[in-house]
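This report concerns only the one structure given below.
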2 protein chains.
Amino acid sequence: MGYQLELRHFNYFIAVAEELHYRKAAERLFISQPGLSRQIKQMEEILEAQLFIRNKKKVSLTPAGSYLKGEVEFILNHLELTKKQLKLIKEGSSGALRIGFLGSAMQKVVPNLLVRLRDRFPNIETSLDELSNHAQVNAVLKDKLDLGFVRLARVPKELAIKPVFEDSFSVVLPKNHVLSQSSFKGMKQLKDESFILFSQDYSPLYFDKVMSICEDAGFTPKVSHRSVHAQTIFTLVENNLGIAIIPTSLQNGFDLNVKFIELKKIKQRAQLSVIWKKDNRNPVLEHGVNLLLNQS
Amino acid sequence: MGYQLELRHFNYFIAVAEELHYRKAAERLFISQPGLSRQIKQMEEILEAQLFIRNKKKVSLTPAGSYLKGEVEFILNHLELTKKQLKLIKEGSSGALRIGFLGSAMQKVVPNLLVRLRDRFPNIETSLDELSNHAQVNAVLKDKLDLGFVRLARVPKELAIKPVFEDSFSVVLPKNHVLSQSSFKGMKQLKDESFILFSQDYSPLYFDKVMSICEDAGFTPKVSHRSVHAQTIFTLVENNLGIAIIPTSLQNGFDLNVKFIELKKIKQRAQLSVIWKKDNRNPVLEHGVNLLLNQS
DNA sequence: CTAATTGATAACCCATAGGCATTAAATAGT
DNA sequence: ACTATTTAATGCCTATGGGTTATCAATTAG
C-alpha cells in the first residue's frame, strides 16, 4: 500500500489487455512474466478494482478493465502527441512571435517577413502592434514583444539591434509649390521654408538626420509643426502649412495632393532596424531573426 | 539515460510550474528540495526540452514548459475522472456528471436537469460547482467539468454550445422609487439613472445586451457599480445606489426591499446556454445533454 | 559587507522493480 | 488415467534509482 499509479503500469496494462496472455505480454515488454504479474496485481490494488479475470488458462478483461483500456489508450496517445508538439516548440517551428513596428515600417519589411514566416513555418502564430520607438524598446525589454522595428541608433545593452532596411530621404511639397522635380537643384533652395517633422522624442534618429541634412546645406530649419503620424504630416503639407522631409518609402500607400522629390545626392539615409532581447528564450525568435537577416 | 517518463514527474512538474519556487513546491509535495531538483532535471533530459528558466533567484516557465503545463493538467484531470468512473463502474453505477453553473442559472434549469437525471438515471452521480463563465469554459476545456451553464454567445471551437433557456429582462428599482409597474412606460424614463450591472468580463454577453437595450431607448447608461453577485446588486439597489437590469428569472429566491418591472416590450432576451467539450469521453455526458435538449 | 535565501551537487541509504527458481493449477496427448 | 506441457502466482534475491542530509555557489536584501 501507499503505492502510486505510474505510466509504467499503463504500458504494462495495455500489453496484457491486448495480448490477453501474461507471458507473451511480458516478452513484448522485455521483462519477466513474474514481474509483470506483480505489477498488474499492484495496479489493481491501487485502483481498488479487478481488471482481469484469470482462470489459469485464459485471461480476459472485466468491464472495468475494458473501460480503463479505452481511457488509458486515449491518455497514452495524447501524451505521444504532446511530446511531438513539444519537440516542434523546442525547435521553434511552432509557437508565437510578437512583433512591434513603427507606422513607417509597414511598407515593405514587415509584410515581407510575415509572408515568409507563414510560408516556411505555418505553425507559427504572429501578432502585430503599432508602437513608438520608445514603447517598443520597453516592451521588448519586458518580454512583451519578441521583435521590434525601430528607427534608433542605440538601444540598451540587453538588446540586440540590426539594420534591415535603408532608404533615401524625400522632400514633400504641396502640389502648387514653385519647385518641381526638374527645377530642384539642392536643399539650399529650401532654406526659408518652414518644416513639418516627426516629433523628436518619437524618433530622435530621424530628427537628427533631418537636422544634419539642413546643416550640410548651410542652414538651420524653422520647424513649424511636429507629428507622430505620416498621414498628419502629409495633410499639413497639402494645406500649405509647411514642407516635410521623410523616408522615401513612406510615400507609398497614401493618395494625396502632394509631390515628392527624392534627395538622391544626400549622404544621409533613413534606416530601419530590428531589435530583440539577447536572452529572449522564445525559440521562434531565432527563425524570425534569421529570416530577416539572411535575405535570400 | 534510459529513464522513462512517469506520472510522478507530472505531479512534480505541476507543483513547480504553479509555485515557480523549488523549495515551496518540494514542501507541498512532501519531499526534499534536492530530490525535486533532480526529478525535474531528469524530466527535462527525458523530454529533451528545457522547461524552466532558473536564474538563482527566479524560476519561470519556457514556452515549451508553458505548453506542457496545459497538456499535463489535462492529462491529470482526465486521469482523475477515469479513476472516479472506474470506481462507479465497479460499484455497478454508470458514471458521474460534473456540472458547472453561473449563480444566475440555478433558478430553474439546473435543478430541473438534476431532478430528471435522478429519475431517469438513478445511478449517475452528479457534482455541482458555481463558477464564472470564463472559469467554466476553461474547466470544460481541461476536462474538469462535463457540462457548463453559461451566458455566452461564442465559445472556443472545441466546445459545443446550445441555448437552453430564454428569459426577458427586468428593471430592479428601490421600493421608494417614483416609478411603478403602472407608471412605467419605457426605458427612456430611466435615462438619467445610474446603473449597477454584472461586470463585463464576468458576462460580456449580458453586458452587451444591457447596453443595447439602453441604446435602443436612445441613451448611454451611466454605470456606477459592477458586481458578480446578484445578491450584491440587489443590496446596492435597495440602498439607493442605482438601479439594475437583470434576467427576470433571477428575482426568485431573494427576499429584498426592491421592486421589479419586467421589460415585456423589449426585444433583447437573456439566454442561458449549455456547453460541453465535443470530444469529451464521459459516456454519461450524452444522457445529460439529451435530457436537456429533448425537453419532454 | 554580512546575512539570508535561492537552486544545484555530492554522497549515502533503502525501498522496490524486476530477475530467477519454483509451485499450483489447468489443459492436451497418449 | 497419467504424464507432459503450459499457464499465472509466490518466494526470495539483487541492484537500480528515488529520496535523504549536508553542503556549495550564486544572488539579493539590509
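Chain letters run A, B, ... following the sequence lines, proteins first and then strands; every chain starts at 1. As the structure is a prediction and not an experimental result, all values here were calculated from the model.
The minimum heavy-atom distance linking A:Asp146 with A:Leu285 is given by the pair O-CD1, 3.6 Å.
Classification of the A:Tyr206-A:Phe198 ring pair by plane angle, with boundaries at 30° and 60°, yields perpendicular.
Nearest-nucleotide positions on DNA chain D place A:Leu20 closer to the 5' end than the other of A:Leu20 and B:His9. Map A:Tyr12 and B:Pro34 each onto its nearest nucleotide of DNA chain C; the residue landing nearer the 5' end is B:Pro34.
For the residue pair B:Gln39 / B:Arg8, a side-chain donor-acceptor distance below 3.5 Å is found, with atom types taken as modelled.
In this structure, B:Glu6 atom CD and C:dT16 atom C1' are separated by 13 Å, rounded to whole Å. A straight line from CD1 of A:Ile40 to P of D:dT7 spans 17 Å, rounded to a whole angstrom. Rounded to an integer number of Å, the gap from A:Tyr3 OH to C:dG18 C1' is 12 Å. Between the P atom of C:dA4 and the NE2 atom of B:His21 lies a distance of 17 Å, rounded to the nearest Å. Note: CZ (B:Arg54) to C1' (D:dT28) measures 20 Å, nearest angstrom. Atoms NZ (A:Lys24) and P (D:dT6) sit 12 Å apart, rounded to a whole Å. With rounding to whole Å, A:Glu27 atom CD is found 11 Å from D:dA8 atom P. One atom, CD1 of B:Ile31, and another, P of D:dT21, lie 12 Å apart when rounded to the nearest Å.
When the nucleotides C:dG19, C:dG18, C:dG7 are ranked by their closest atom to the side chain of A:Gln39, C:dG18 comes out on top. Candidate nucleotides D:dA8, C:dT9, C:dA17 were compared by shortest atom distance to the side chain of B:Ser37, and C:dT9 ranks first. With D:dG17, D:dT20, D:dA8 as the candidates, the nucleotide lying closest to the side chain of A:Tyr22 is D:dA8.
Heavy atoms from other residues, nucleotides or ligands lying under 6.0 Å from CD of A:Glu158 number more than 12.
For the OP1/OP2 pair of D:dT20 and a distance below 4.0 Å, the side-chain nitrogens and oxygens of B:Ser32 include at least one atom meeting the criterion. Distances shown here put every side-chain N or O of A:Lys41 at or beyond 4.0 Å from the OP1 or OP2 atom of D:dA8.
On a pure distance criterion of 3.5 Å, a polar donor-acceptor pair joins the side chain of B:Arg38 and the base of D:dG19.
Contacts of A:Arg8 with the nucleic acid, taken as non-hydrogen atoms under 4.0 Å apart, involve only primed sugar atoms and P, OP1 or OP2. Counting non-hydrogen atoms under 4.0 angstrom, B:Gln42 reaches the backbone sugars and phosphates but no base. Counting any heavy atom pair closer than 4.0 Å across all strands shown, B:Gln33 reaches a base atom.
Between B:Tyr12 and B:Tyr22, the distance from one ring center to the other does not fall under 6.0 angstrom.
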